[in-house]
A.B. asks: 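I'd like to ask you about the structure that follows.
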Number of protein chains: 2
Amino acid sequence: MKKKERQKIIIDEVSINRKVSSSFLSEKLDVSEDTIRRDIHELHGKGLLTKVHGGAISTIQKLYHYNEDLIYNRENKIRIAQKAISLIRDSMVIIMSGGTTNLMLAKLFPKDLKATIYTYSLPIAMQLTEHPLIETIFIGGKIHRNSMVTTGIDVIQYLSNIRADFCFMGVSGISIEQGITDEGYEVSLIKKAMINSSDHIVYLATSNKLNLRHRYDVCNLNEIDMVLTNLDSTDPALKDYLKAGLNLL
Amino acid sequence: MKKKERQKIIIDEVSINRKVSSSFLSEKLDVSEDTIRRDIHELHGKGLLTKVHGGAISTIQKLYHYNEDLIYNRENKIRIAQKAISLIRDSMVIIMSGGTTNLMLAKLFPKDLKATIYTYSLPIAMQLTEHPLIETIFIGGKIHRNSMVTTGIDVIQYLSNIRADFCFMGVSGISIEQGITDEGYEVSLIKKAMINSSDHIVYLATSNKLNLRHRYDVCNLNEIDMVLTNLDSTDPALKDYLKAGLNLL
DNA sequence: TAAAAATATGCAAATTTTTGCAGTATTTAG
DNA sequence: CTAAATACTGCAAAAATTTGCATATTTTTA
């Protein structure tokens, strides 16, 4: 019996019976207990079941899984996320815009972080369900298919009624002359609303987003409290931003 | 070079350059063009890039992927979803509650279906982003971690302002005496609100949900327009439901 | 506490998957 | 239309992964 088939049967058994022993599975599947043990170890690593002494118990099944390997510029995004995490304290209220840097941040939040997070991004909301102490509020609206965020007047209205400590903003582009800009008109209005509802604006940018300008203005440089990039804050590429008075980390 | 590593490099190249030729990749990675062709074929099958003549072009990256193999009772859910699809027409307004049967339905909607769909479920919303002609409206609120749906007064209020043709309701339990019931108080209120906002209530139930009762009432049998199960409507297990005057398919 | 059961580790053998090649079929460009 | 480039199929060899076993270690049970 091939490994994949076998592991599917293990998942089904655990789903039906809640707890299953390695010896039972070994007999049922006609393989050694060692093989079952390995399978259980692997499935546990994927979060599909929980390994216990002598067997396995079922886990709430998450059908959607996040493939981190696919993130472009992943190491840089991890670096940025780690800088962002150093700003966060328990009991904060945070707004997160979309994008993969924010998604990486959501993933890397400490598992014991206690916070309230507002977001309009489906992937980020899904990722936040893995954090037991985070209260996630999803801002509803019409789904924009490609970016998997909500749009529309509902989103802007909702944002205008909340007050957050921090807004972590990503995706768009930043330049000295224009500040933060975005490709879409509606998204730019939503981001403006996020900024208006937050005490501190932290812009997350991989270095390829620096000096990039889009069609719609979101805010000026002087409205941003801090920019977090994968570069060291002494990097020559950031010289002009420092000179413009921006806080870098 | 191992296959996984190689495929990651292919994805990165396509992301950077938008279009890449098989011969370029073959040289760069020092493998035969046949191997590249196979890789591209496999990555195309996973939706990670688009195969074109002589190479590949990039696809919008979806980082969250749906593992259909993990759905318990999958074949039964497909059967139910197919029955549900036979009820749907273009330009309908539909409310979908949570659960894996509804998720399967979302997946199996025709790719050319034109409809407006309201949902409070993160996985279902994500699945609906694969349907180019479906307008998905996500009902915001506080995320309930395990079931990945939104909860709270916001959801109920939002629902009270819309009017849908159909509500496809799943998960809970159904019995002759109590009708539809649910495990959670708040979810039961939300489901009541879904029912109040819909012209037709269609309950989706795998046979193991029949004669199952939970703590909180959602609605009586006589409020349900139709029940779709994996069983044939002449099945003995459904006799009492037919006698109670229920429509079955 | 001692004995039994479960787990972890290393390894060779077994199994499965991948690869390049040769030949054939299809598509593209001139 | 023809020639060149690309794609597909089948296959044997190579590579990668999996498996059961033996042994040592750890955990659980009585």
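Note on naming: letters A, B, ... go to the chains in the order of the sequence lines (proteins, then strands), and numbering restarts at 1 for each one.
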A.B. asks: Does the side chain of B:T150 come within less than 4.5 Å of B:F138's, by heavy atoms?
C.D. replies: yes

A.B. asks: Which whole-number value in Å describes the distance from A:E42 CD to C:dT7 C1'?
C.D. replies: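 These atoms are roughly 17 Å apart.
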
A.B. asks: Strictly under 4.0 angstrom, non-hydrogen atoms only: write out the protein contact profile of nucleotides 3-13 of chain D, one letter per nucleotide from the 5' end, B, S or -.
C.D. replies: ---SBB-B---

A.B. asks: Distance alone, cut at 3.5 Å: any donor-acceptor contact between the side chains of A:S32 and A:D34?
C.D. replies: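 Checked: A:S32/A:D34 side chains show no N/O donor-acceptor pair below 3.5 Å.
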
A.B. asks: Working note: B:T100 + B:K77, criterion side-chain hydrogen bond (donor to acceptor under 3.5 Å, both in side chains); need CA distance, chi angles, decisive distance, verdict.
C.D. replies: CA-CA 8 Å; B:T100 50; B:K77 287 168 185 173; 2.8 Å; yes

A.B. asks: Is a donor from one side chain sitting under 3.5 angstrom from an acceptor on the other, for B:S15 and B:S58?
C.D. replies: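 Side chains of B:S15 and B:S58: no pair found under 3.5 Å.
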
A.B. asks: State whether a side-chain donor-acceptor pair under 3.5 Å links B:N211 with B:S175.
C.D. replies: no

A.B. asks: Do the non-hydrogen side-chain atoms of A:N230 and A:S207 ever get within less than 4.5 Å of each other?
C.D. replies: yes

A.B. asks: Mind calculating the distance between CG (A:L43) and P (D:dT18) to the nearest angstrom?
C.D. replies: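 In whole Å, D:dT18 P lies 12 Å from A:L43 CG.
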
A.B. asks: Pairs in or reaching into residues 113-125 of chain A: which pass side-chain hydrogen bond (donor to acceptor under 3.5 Å, both in side chains), with residues at least two apart or in two chains?
C.D. replies: A:T116-A:E135

A.B. asks: Which of residues 1-9 of chain A have a heavy atom under 4.0 Å from DNA chain D?
C.D. replies: A:K3, A:R6

A.B. asks: Could you go through the side-chain hydrogen bond (donor to acceptor under 3.5 Å, both in side chains) check for A:E186 and A:Y216 one step at a time?
C.D. replies: CA-CA 9 Å; A:E186 200 160 315; A:Y216 299 106; over 6 Å; no

A.B. asks: Nearest-Å distance, CD1 (A:I36) to P (C:dA8)?
C.D. replies: 15 Å

